[in-house]
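A short write-up of the structure that comes next.
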Amino acid sequence: MQDLKSRTKRFAADCWRLCAKIPRSREYDTWVRQLIRCSGSVGANYRASQRAKSTADFIYKLKVVEEETDESMYWLELFLEISDNHHEEIERLRKEGGELLAITVSSIKTARKNQK
C-alpha cells in the first residue's frame with residue numbers, strides 16, 4: 001500500500017487536474033478554488049502531523065486533515081451533482097477521499113487510545 005504522504009499529495013494533484021478541466025466561469029470558479037484549497041490542505045496538514053511535538057499536537061493536526069478531507073468530499077459531491085462531465089474521475093476522487101478519511105479517523109482513534 002502506498003504511504004499516506006504520497007497518497008495525500010496525489011489526491012491534491014488529482015483534484016487540481018480535475019479542476020483544470022472544469023469550465024472557467026463565475027459560477028464554477030469559487031467552487032474550483034475551494035476544492036483546490038482544501039484538497040491541498042489534506043496533504044500539507046498530514047505532513048505537518050508527522051512532525052508533531054506531542055500526541056495532542058498529532059491528534060490536533062490529524063483532526064484538521066479529517067476536516068479538510070471531508071470538505072474536499074463535499075465539493076466533489078457538488079461537482080458530481082452539477083457537472084455533465086468527468087463523473088468517473090470525480091467518483092474515483094470521492095472513493096480516494098473516503099479511504100483517506102477512514103484512515104485518518106482510525107489514526108485519531110488509535111492515537112487517543114494510546115494517549116490514555
Side-chain angles (χ1 to χ4, degrees):
M1 183 168 115
Q2 194 177 22
D3 74 5
L4 277 179
K5 194 172 178 181
S6 297
R7 281 181 75 175
T8 57
K9 185 175 170 182
R10 191 181 74 235
F11 179 70
D14 288 348
C15 285
W16 184 91
R17 285 184 193 95
L18 169 69
C19 288
K21 297 173 188 174
I22 302 292
R24 297 196 87 162
S25 73
R26 182 178 49 113
E27 294 80 14
Y28 282 120
D29 285 348
T30 301
W31 290 8
V32 164
R33 280 193 218 100
Q34 288 291 111
L35 178 56
I36 290 171
R37 257 188 222 111
C38 58
S39 66
S41 184
V42 171
N45 282 289
Y46 178 76
R47 283 178 76 130
S49 76
Q50 299 307 290
R51 295 185 178 274
K53 293 166 182 48
S54 65
T55 303
D57 189 34
F58 176 73
I59 292 168
Y60 171 78
K61 289 175 181 182
L62 282 185
K63 289 295 291 175
V64 174
V65 172
E66 177 186 11
E67 291 170 9
E68 296 294 335
T69 305
D70 189 56
E71 183 177 341
S72 296
M73 297 199 39
Y74 172 77
W75 295 114
L76 288 166
E77 288 167 12
L78 283 175
F79 278 120
L80 189 61
E81 189 169 312
I82 65 164
S83 178
D84 295 328
N85 302 314
H86 316 298
H87 283 214
E88 189 175 303
E89 186 174 2
I90 295 168
E91 282 294 351
R92 182 183 61 76
L93 288 168
R94 286 184 63 228
K95 181 177 186 264
E96 177 66 2
E99 289 177 16
L100 293 172
L101 188 58
I103 292 166
T104 302
V105 169
S106 179
S107 296
I108 292 167
K109 287 179 181 177
T110 300
R112 283 183 174 151
K113 181 180 168 188
N114 291 340
Q115 189 179 33
K116 292 179 181 180

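Count residues from 1 along the sequence.
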Test I22 against L35 for side chain to side chain contact (heavy atoms under 4.5 Å, CB included), laying out the working first. CA-CA 12 Å; I22 302 292; L35 178 56; over 6 Å; no

Could you measure the distance from the OG atom of S41 to the CD1 atom of I36? Nearest 0.5 Å is fine. 13.5 Å

Once side chain to side chain donor-acceptor pair (under 3.5 Å) is applied, do any residues pair with E99, and if so which ones, sequence neighbours excluded? R7, K95

Side chain to side chain donor-acceptor pair (under 3.5 Å) filter on E27, not counting sequence neighbours, yields S25

Which residues share a side-chain contact (heavy atoms from CB on, under 4.5 Å) with A56, sequence neighbours left out: S54, Q115

May I ask you to decide if S106's main-chain N or O and T110's side chain share a donor-acceptor pair within less than 3.5 Å? yes

Can you name the side chain to side chain donor-acceptor pair (under 3.5 Å) partners of R37, sequence neighbours left out? Q34

Applying side-chain contact (heavy atoms from CB on, under 4.5 Å), name anything that partners K9, two or more places apart in sequence or on another chain. none

Which residue pairs pass the salt bridge (Lys or Arg N to Asp or Glu O under 4.0 Å) test when at least one of the two sits in residues 65-84, sequence neighbours left out? K63-E66, E77-R94

Could I get the full list of side-chain contact (heavy atoms from CB on, under 4.5 Å) partners for S49, not counting sequence neighbours? Y46, F58, K61, L62

Set of side chain to side chain donor-acceptor pair (under 3.5 Å) partners for K21, sequence neighbours left out: E89

Using the rule that two of Ile, Leu, Val, Met, Phe, Trp, Tyr join whenever any of their side-chain heavy atoms come within less than 4.5 Å, decide whether M73 and L4 are in one cluster. no

Go through the steps to decide whether T55 and N114 satisfy the test side chain to side chain contact (heavy atoms under 4.5 Å, CB included), and finish with yes or no. CA-CA 9 Å; T55 303; N114 291 340; over 6 Å; no

Between CG on residue L100 and OG on residue S39, distance to nearest 0.5 Å: 11.0 Å

Per the ring pair (Phe, Tyr, Trp, His ring centres under 6.0 Å) rule, what does the pair list look like for residues 65-116, sequence neighbours excluded? W31-W75

Using the rule that Ile, Leu, Val, Met, Phe, Trp and Tyr join whenever any side-chain heavy atoms are under 4.5 Å apart, tell me whether V42 and L101 fall into a single cluster. no

When you measure from the side chain of T8 to the backbone of K5, do you find a donor-acceptor pair of N or O atoms at a distance under 3.5 Å? yes

Non-neighbouring partners of R17 that pass salt bridge (charged side-chain N to carboxylate O under 4.0 Å, His left out), sequence neighbours left out: D14

Atom CD of E88 with >12 non-hydrogen neighbours under 6.0 angstrom: no

